[in-house]
Each structure stands twice: as C-alpha cells, then as structure tokens.
Amino acid sequence: MSFILFKKSHYRLLCRNFFSVCAGMYALFCTGLLMSSCSPSKTEIKNTGGDLMQTQTVSVSAKTAAPRDESLNPSVSVSPQEAKLTTLLESGAFSFSDEKGEAQSLAQNILENKKAFLADLEEVLASDTEDLLIRVDKNVYLDENYVPASLVALTPETAQAGSYVIHRADLSLRAPVEKELSRMAKAAREEGITLVVSSTYRSYAYQKKVYERNVTQMGKEAADRESARPGASQHQLGTVIDFGSITDEYAKTPAGKWLYENAGKYGWSLSFPDGYEYITGYRWECWHYRYVGPLAVRFQEKWFNNVQQHMIEFIHAWKNA
C-alpha cells in the first residue's frame, strides 16, 4: 500500500512541475510578441528647410547596418565616358608619358574630378573644327605624303597686313593659323613688340634635309635633341612657328618674353618647355610655338601642368580608345 501511495504522490509532483514549465515558456513567448509589436520597424524623418519639406522613410534594424558600398549600388551609374577615362588613366597604363613622374598625380586629379574634366574635354574636342590637335612626335609619325589643308604663303603683303615680319620668302602656314598669327602679332605691336617669323611649314622631304644636315654638323645624338626626323616634325602640320633668332638667347629678348607671357591667350602653346626633354623628346626651345587654340591652351594649363605633350598624347589615346 505504501508503495502505491508513493507512486501516486510522485506522479502528482511530476504533473505540477510539467505544467509550471509550460506556463513559464508561454509567458516568455507572449512577452516576445509584445516587445516585437511595440518596436517600430520604420520611422519617418521630416526635414524642413524654408518652404521645402521632405519626408523620408528609413528602415530601422535591431542590429547596426554595415556601411553600403556605393560601387555595388545599381542606382549609382557610371557613364561610358567615365569608364573609358578610368581605363585610360588607371595605374600602369597612363595615356601620357611618365618619365618625369607626373602621370600619377595628373591622373589622380583627373579621376577625382571626372565630370569637370570630361566637360572640358568635350568642349575642347567640339571646338577643334580645324583638326589642330594631331599627335606627331618621336613615337607617332606623319606619312611622307601628308600635306596639311589650306596652306597659304606668307608674303610681304600678308606680313604687313598682319603686323608681323617674315625672315625669308618660302614660308607658309595653314590659312586659319595665319589668321591667328596676325591677331597675336597685332596685339604685340600695340605694346611695341614686333614678332619675326623665321620658320613655318616644312614638308617631309624638306625636314629630311634639315635632319641630315644637323646629323652631319652635330652628330646623331646631338641632332636628335635638336631636330626631328622626317615625319616626326610638328612643322609638317603647318601650325607651328619658330620665332626670332631660333636660339636660347631669344628667351631674353622683348619679343621672347612677350610670347612667353602672352602667347597662350591667343591659342599658341610652347611645344618644348624647359625641363621636359624626357617628355617631349627635345631640349628646351623658347622659340617654337604651336597653334592649338585658346580652349586647348586653357585645358593643358588646367589638367596637364601646362605641358602640351601630355595633353596631345591624352587626346590621341582618347580618340583611338
């Protein structure tokens, strides 16, 4: 009998414990539901500024959200031009020379200001209706049969009308470039400066004679610093002028100083600046100016450290990409 009573009492105790545990679990479950229903999943943030009111719905998570990688956000689009620009300027594949160690900083500045750079580039290219930005240097040659369009002779009459002086009788330039020479020369004359034009367009055959003569007189190594090989001369473009004495001393003359300070305003760019031989391929030539247009000059000043070679190389790469 005692064994039976013991078993019954034990059974009642087990039942009470079981129902107690169930009641506790039910209470915890209900508490969780209550807390979930009371915690807002969204909140409205109203931003009022003057007459403008914006309402933004922001999701609130129980955990702190990780920062969003905008590059993975499909709503942040990259234009084809921006993608092309990044490809041209990515490290190790610069589209302009880096012998002076400037390409990295130039590229970084451009990539940090893509939209502004591309807007300027588009304006420069759209304004280049005369095809003034052709690349020609020691790596990119012109064909021996290349002759620029609309060449005009510089005569005593055109020189007088244009307020400049010609050094000899066999000079010529592209017609739109002669017009811009005249505009600059008249501005210089108003300040008491006379510009003397000493060398202009050279054909492939003429440049061949000039280079061979310099090799004979100086030796090949020295000649390559001073004179372009046939096909590699900017003079073949018909947009280049050598002014004055064609010597280093020209930089110290009133005309040389005036050109250095003012030529860019009229669209003329010094092709071979001092200290950039490893970029341009030629030593400093204070007399050698190429007409590229005022917009292009401002473009090279703003984005390419005022180095014509950097700008021309980039534009060449952009057009051919």
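Being a predicted model, the structure only gives us computed values, none of them experimental.
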Could you name each residue pair satisfying salt bridge (Lys or Arg N to Asp or Glu O under 4.0 Å) that touches [range], not counting sequence neighbours?
range            : value
residues 78-89   : E82-K115
residues 150-171 : R168-D170
residues 263-279 : R225-E277

Count the heavy atoms belonging to other residues, nucleotides or ligands that lie under 6.0 Å from CD of E122, then report whether that count exceeds 12.
no
Within a reach of under 6.0 Å around CD of E221, are more than 12 heavy atoms found that belong to other residues, nucleotides or ligands?
no
Salt bridge (Lys or Arg N to Asp or Glu O under 4.0 Å) involving [X] - partner list, sequence neighbours excluded:
X    : result
D242 : R202
K302 : D120
E180 : R183
K252 : none

Shared-cluster residues of V196, by chain and number - hydrophobic side chains joined below 4.5 Å:
V165
Hydrophobic cluster (4.5 angstrom, side-chain heavy atoms) - remaining members for I279:
Y276, V307
Checking the side chain of [X] only, and the main-chain atoms of [Y] only, is there a donor and an acceptor separated by less than 3.5 Å?
X    : Y    : value
H167 : V197 : no
R189 : S163 : yes
S233 : P230 : no
S269 : R290 : no

Identify whether NZ of Lys or CZ of Arg in K138 sits under 6.0 Å from the centre of the six-membered ring of Y282 and within 45° of that ring's axis.
yes
Could you give me the CA-CA distance, side-chain angles and deciding distance for F117 and F299, then say whether ring-ring contact (aromatic ring centres under 6.0 Å, His included) is met?
CA-CA 9 Å; F117 176 83; F299 186 58; 5.4 Å; yes
For the student: nearest non-hydrogen atoms of S227 and Q207, plus distance:
OG-NE2, 3.6 Å
What's the shortest heavy-atom distance between S182 and G162, and which atoms?
OG-CA, 3.1 Å
E313 and its side chain to side chain donor-acceptor pair (under 3.5 Å) partner, picked from H316, Q309, H310
Q309
Please determine if K208 and E212 form a salt bridge, counting it only when a charged side-chain N lies under 4.0 Å from a carboxylate O.
yes
Q104 vs Q108, side chain to side chain donor-acceptor pair (under 3.5 Å): CA-CA, chis, key distance, verdict:
CA-CA 6 Å; Q104 181 66 52; Q108 182 177 351; 4.7 Å; no
In this structure, is the centre-to-centre distance between the rings of [Y] and [X] below 6.0 Å?
X    : Y    : result
Y291 : W268 : yes
F314 : F304 : yes
Y260 : Y289 : no

Looking at residues at least two apart in the chain, or sitting in another chain, which of them share a side-chain contact (heavy atoms from CB on, under 4.5 Å) with A187?
W258, Y266
Set of side-chain contact (heavy atoms from CB on, under 4.5 Å) partners for K319, sequence neighbours left out:
L125, D128, D131, I315
For Q234 and S271, test the side chains for any donor-to-acceptor distance below 3.5 angstrom and give the result as yes or no.
yes
Cut-off 3.5 Å, no hydrogens considered: what does the side-chain donor-acceptor table look like for residues 140-152, sequence neighbours left out?
| residue | atom | partner | partner atom | Å |
| --- | --- | --- | --- | --- |
| D143 | OD2 | N145 | N | 2.7 |
| D143 | OD2 | N145 | ND2 | 3.4 |

Between D137 and R229, is a salt bridge (Lys or Arg N to Asp or Glu O under 4.0 Å) present by the stated rule, with each step listed?
CA-CA 9 Å; D137 51 37; R229 297 183 182 190; over 6 Å; no
